[in-house]
Amino acid sequence: RSGTSPAANYAEAQGAESRADFIHKVRIALKELRETDVWLSLICEAMLIDPIEKLTPIRTESQELIAILYQSQKTAAVNRPKKN
């Protein structure tokens, strides 16, 4: 189930009311993606799917999305307006 929430959380981030809100919501999506990646890893280690190679593209995509969202929140944080 954790695999379905990152998309919804990212959609919420796109409708954020401020840059801080965007960063917060992207970080939530990132946490959910990391959880999903852990579950996928456990499924692989326990060999719950046969053949296990079926999960390879899904794990790759999960890791790519983690990298993208990580960079997105990092960029948004760096470009955040400074407080006076």
Side-chain angles (χ1 to χ4, degrees):
R1 286 186 276 182
S2 65
T4 60
S5 93
N9 285 313
Y10 186 71
E12 285 291 315
Q14 291 185 320
E17 296 176 10
S18 66
R19 188 178 303 260
D21 190 33
F22 173 80
I23 293 167
H24 175 71
K25 289 176 178 176
V26 167
R27 286 181 178 162
I28 291 170
L30 186 55
K31 286 172 60 174
E32 294 296 325
L33 275 170
R34 287 182 176 140
E35 179 184 353
T36 299
D37 195 54
V38 168
W39 285 116
L40 291 171
S41 177
L42 289 171
I43 290 168
C44 287
E45 288 178 30
M47 293 191 264
L48 297 176
I49 292 182
D50 186 39
I52 204 69
E53 290 77 27
K54 286 182 177 180
L55 281 183
T56 302
I58 297 169
R59 291 204 63 208
T60 299
E61 185 171 358
S62 173
Q63 291 162 359
E64 289 170 353
L65 288 169
I66 288 169
I68 290 167
L69 288 188
Y70 174 79
Q71 194 59 46
S72 180
Q73 64 89 28
K74 186 176 172 184
T75 300
V78 167
N79 294 331
R80 184 186 307 190
K82 306 242 187 295
K83 293 181 180 179
N84 292 332

About how many Å separate CG of L40 and CG of L48, when rounded to the nearest 0.5 Å?
-> 11.0 Å

Can you tell me how far CG of L69 sits from CD1 of I28, rounded to the nearest 0.5 angstrom?
-> 12.0 Å

Going hydrophobic residue to hydrophobic residue with side-chain gaps under 4.5 angstrom, can you get from I23 over to L65?
-> yes

Quick one: closest heavy-atom pair of S62 and L33, and the distance?
-> OG-O, 3.9 Å

Taken to the nearest 0.5 Å, the spacing of I49 CD1 from C44 SG works out to 7.5 Å

In this structure, CZ of R34 is separated from NZ of K31 (nearest 0.5 Å) by 10.0 Å

Tightest non-hydrogen contact, residues F22 and S72, listed as CZ-OG, 3.7 Å

The side chain to side chain donor-acceptor pair (under 3.5 Å) partners of S41 (sequence neighbours excluded) come to E45

Sequence neighbours excluded - salt bridge (charged side-chain N to carboxylate O under 4.0 Å, His left out) pairs with any residue from residues 11-22 | E12-K25, D21-K25

Residues two or more places apart in sequence or in another chain: which of them pass side-chain contact (heavy atoms from CB on, under 4.5 Å) with K74?
-> Y70, Q71

Should the heavy atoms of other residues, nucleotides or ligands under 6.0 Å from CD of Q63 be counted, would the total exceed 12?
-> yes

Same cluster (ILVMFWY, side-chain, under 4.5 Å), Y10 and I66 | yes

Please list, chain by chain and in numerical order, all residues satisfying side-chain contact (heavy atoms from CB on, under 4.5 Å) with I68, sequence neighbours excluded.
-> none

Residues 50-60 vs salt bridge (charged side-chain N to carboxylate O under 4.0 Å, His left out), sequence neighbours excluded, gives D37-R59

